[in-house]
Amino acid sequence: MKHFTVASKAIALLFSAALLVACSGSDTKEEDEAAAAAAAAAAASASAAQSAQAAQGAAVSAEMAALEEAAASAGTVFYFEYDSANLTPEALDALNANIALLQRNNTNVRLEGHTDERGTREYNLALGEGRANSVREYMIASGIPGFRIETISFGEERPIAYGTGEANWSQNRRVELKLQ
Amino acid sequence: MKRLLTALMSITLAISTASAWAQLTIEISQGADNPTAIAVVPFAWQGVGVAPEEIASIVDGDLARSGQFAPIALADMLGNPTTEAEVFYRDWRSLSAEYLLIGRVSSEPSVLRVDYELFDVLRQAKVLTGYESGPASDARMLAHRVADAVYEKLTGVPGAFATKLLYISVDRVPGRNDYSRLTMSDSDGARPIVLFDTHEPLLTPTWSPDGKHIAYVSFETGRPAIYRQEIATGQREQLTNFSGLNSSPAWSPDGKTMAMVLSKDGNADIYLMDLATKKLTQLTRHYAIDTEPAWMPDGRSLLFTSDRGGKPQIYRYDLSSGKTDRVTYEGTYNARARVSQDGRSVVMVHQAEGRFHIAVLDLVTNRMQILTSTDLDESPSIAPNGSMVLYATKYQDRSILAAVAVDGEAKFRLPASKGDVREPAWSPYLAR
Amino acid sequence: MPRIILRPALVTLLIHGLLLYLLTANWEATEREIIRAKPAPNIINARLVDISEISKLKPAPPKPKAVTVKPKSKPKATPPKPKAVTPKPKLAPPKPNPIPKLKSKPTPAKPTPPQQSNRDAFAAIVRDELTTAAAQQQTTVTAGEISASFVSLIQRTVVNYWSRPPSARNGMECELSIQLIPTGEVVNVTLVRSSGNSAFDSSAINAVQKAGAFPELQNLPSREFEKNFRRLTLIFKPEDLRY
């Protein structure tokens, strides 16, 4: 029982509300009866909540595990076309899987933009930033608050693959998502 | 009879003078521009112990690299004159040398003095005489100054051999980030000194107009920032700490303003920072990428790279009018402009048929000429006399420095150590 | 009748007539002939040839003083001997070309036949016209033509040896006066007019000094040599520099 589910919280709230009503110092018989009823109800719901919570906890864990697995298999690297900062369909798929997880947790992320070696270094620094920004904007549009997302560009300075040719270049045109 | 003879003589005179008027004049409007043959004879060492440097071989190397000269090989020389009295023009004429440089190196306590004399072999006359002096530890620089004097005498253009280069040396370290060293060397690559090093990326080293400071982009804090460093003391100052990009520093010709690229207001734009007050002025406000500012020598406008037209091209921003005009129309990609001191030639990275070359654009004739035949060329930097362009290129899977003459003729590669060498910046003329 | 002394009278008449002739003849001769032609090999003389023109093609006698023979050839026809002015030859440049034949005027190279077959027809026509023109010229070589070919030779040789400094600009101009002897050797080079740029002036003087001699001039008839080649003026004025 690690997490208090919403249900159990509500029950606790009701219980304390009932308790307050009961202890408000009013001396009508009605209130006495209400307090007794509330206490009984609270006892009953508490045990009900316990089992509900257990069931819900299991369901949530399973859901999170599924999301984490989906994100892991999609990967945290999104690739781009040459000289472009537009999200490709493949990148979107991978991104969506990651966003689904992020919508359910609280982790902050850092997006690192990169380019291949072609072209000038400073322009590539800006292009890498453009790519990271593309991912960031899509995440914000999908409901992730901006304060959770940090961006930085390394341009062509941090390649994954050293060497010439498209086989190497395609690996370097990327945005990497790093959990903070 | 006597009168007849006189008459006849005057007539003959008249006829001969008449024919002398018809002098043939030939116009020569082209040249083959072969390098000038010059013999640089080893200088005499008049000091004690071993000579600190081979002055003549440094001068020889400078002149050869310029592409304007073809030095005579040492092995072919018929003599080793070190004073005017020892010069026999016939010896040098037989080697087809046009010029002859001789000299003597002497030393007073801790000061070296290099005396030199330049002779025109064809006209058999001395055309230049002079001397350079300085600390023995700086003997190489004295040699470069001699080369500058000879170059200027024979070409009419000041030499740029007594200058320095900045570049970034990067080594791959297994298990760690690449190791970057900001290095300064002589114009021939000798005497490299590391000015700053880090395991984070370094970019865009640049010189102040007086040659005493440098600026560069460093990721040492984990984010890109612009730093200014005084060469003599090594003292550093972080100039920027804005969110987003902090890159592409470029000193104004009067040394008071730094152009830079910041993206704190949404996307990459050109800004000016007053170096005294640190006050910022935003120049470009466009949703496209605007980067790589380069000042025109009169300080009144800047060239920069922008992809506002779709792909990167060079544009010019006029400081007084605030207007921006496009400069390059040839090629699919033009970026990272650098301007010559006379404001006429712009070198840049130019893409043609998928390959990245260094090209030069003449702003007056609007003609563009591709200077390099190598691929993946970047970071061109012009010598302060406008004669040569230094740039980085890929060679056998490593990044090395190479140079090409602005007319595209002479080419050479700088001695390559291990690792990658990139982002060269040629210093301005340096004060003595 | 007064006695007319015949001989002195005739001599006086002759002298006066001669003086009159010299006075009038002098005016033409004082104009300098400036050979402005560029060395032909680097120029491609192209001309759009219309079929109707071919029939009108007349062999044009070359002007005695002109040097560049502009052949009425098809596009892509290059004049002969391009090798002498190849940019960047080795340090020892190739020797100047052999003595031009005195019998015929410099013939243009055979025009390269174009790719399209429908132009082959009048390529053939042009060729025929030119060879007939050349054949007709063979007997009419003037002294001027001989001079012209030697001037061209001097021009090509000096161009080969001229190394312009980086500070040279199109339009800069300096004038040299050179003195030759019948062996073709250069015995004197004087700067008559400076360009204002001493490196430029030096490069011009050096070009002549490096050439040193034009031995082919030995084949020139001595009258022609004395008339045109004993003393020469060279004007160095580049037009092919970047700017």
Side-chain angles (χ1 to χ4, degrees), chain B residues 3-4 7-8 10-11 14-15 17-37 66-70 72 93 95-96 98-99 120-124 127 151-158 344-345 360 362 364-365 367 369 385-387 405-409, chain C residues 11 15 18-19 22 25-26 29-39 42 85-93 147 151 154-155 158-168 197-200 202-207 209-210 227-229 231-240 242-243:
Chain B
R3 266 178 57 212
L4 179 62
L8 280 168
S10 46
I11 290 164
I15 295 170
T17 6
S19 54
W21 279 98
Q23 185 166 78
L24 197 53
T25 302
I26 306 177
E27 189 167 288
I28 312 288
S29 57
Q30 283 174 297
D33 294 339
N34 288 323
T36 302
S66 72
Q68 299 291 327
F69 297 93
I72 306 282
R93 183 86 204 240
L95 295 174
S96 298
E98 284 175 65
Y99 293 96
D120 182 324
V121 173
L122 299 163
R123 265 175 289 174
Q124 305 197 0
V127 293
Y151 184 90
E152 180 163 8
K153 176 69 186 170
L154 298 183
T155 66
V157 174
R344 180 168 179 151
S345 300
V360 59
D362 185 309
V364 174
T365 63
R367 276 208 307 253
Q369 181 193 351
N385 65 358
S387 61
V406 166
D407 59 7
E409 294 303 336
Chain C
V11 172
I15 291 169
L18 209 58
L19 277 168
L22 285 172
N26 257 348
T30 45
E31 277 182 20
R32 294 207 296 196
E33 327 142 9
I34 296 183
I35 282 67
R36 292 221 175 277
K38 333 303 177 235
N42 279 342
V85 206
T86 317
K88 311 281 147 290
K90 304 170 277 304
L91 265 179
S147 277
V151 164
I154 292 173
Q155 213 171 30
V158 173
V159 161
N160 220 12
Y161 281 105
W162 192 22
S163 211
R164 283 81 57 88
S167 55
N197 179 320
S198 67
F200 182 91
S202 294
S203 73
I205 295 170
N206 283 2
Q209 302 261 23
K210 280 188 280 186
K227 179 168 173 236
N228 285 323
F229 293 91
R231 234 188 219 91
L232 282 182
T233 297
L234 298 177
I235 295 183
F236 287 77
K237 187 176 176 181
E239 286 167 11
D240 61 335
R242 223 157 48 95
Y243 56 86

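Each chain gets a letter, A, B and so on, in the order its sequence line appears, and its residues count up from 1. Only a predicted model underlies this, so the values are computations on that prediction, with no experimental measurement involved.
In this structure, the portions of B:L122 lying under 4.5 Å from any heavy atom of chain C include both its backbone and its side chain. Using a 4.5 Å cut-off between heavy atoms, B:E152 makes no contact with chain C at all. Residue B:F69 does not touch chain C at all, counting heavy-atom pairs closer than 4.5 Å. Residue contact with chain C, scored on non-hydrogen atoms closer than 4.5 Å, is absent for B:N385. For C:F200, no part lies under 4.5 angstrom from a heavy atom of chain B.
Here the shortest heavy-atom pairing between B:R93 and C:Q209 reads NH2-O, 3.3 Å.
A salt bridge links C:R164 with C:D240; the closest basic N to acidic carboxylate O contact falls under 4.0 Å. Note on B:E98 versus C:K210: salt bridge recorded, some NZ/NE/NH1/NH2 to OD/OE distance being below 4.0 Å.
Looking only at heavy-atom pairs under 4.5 Å with chain B, the residue among C:P238, C:P166, C:A199 that has the most is C:P166. Most heavy-atom pairs under 4.5 Å with chain B, from the set C:N197, C:I205, C:L232, C:V11: that is C:L232. When each of B:V364, B:V157, B:D407, B:V127 is checked for heavy-atom pairs under 4.5 Å with chain C, B:V157 comes out on top.
In this structure, B:T365 and B:R344 have side chains that are in contact, with non-hydrogen atoms separated by less than 4.5 Å. Side-chain contact between C:Y161 and B:I28 is absent, with no heavy atoms from C-beta onward closer than 4.5 Å. For the pair B:Y99 and B:V121, the minimum side-chain heavy-atom distance is 4.5 Å or more.
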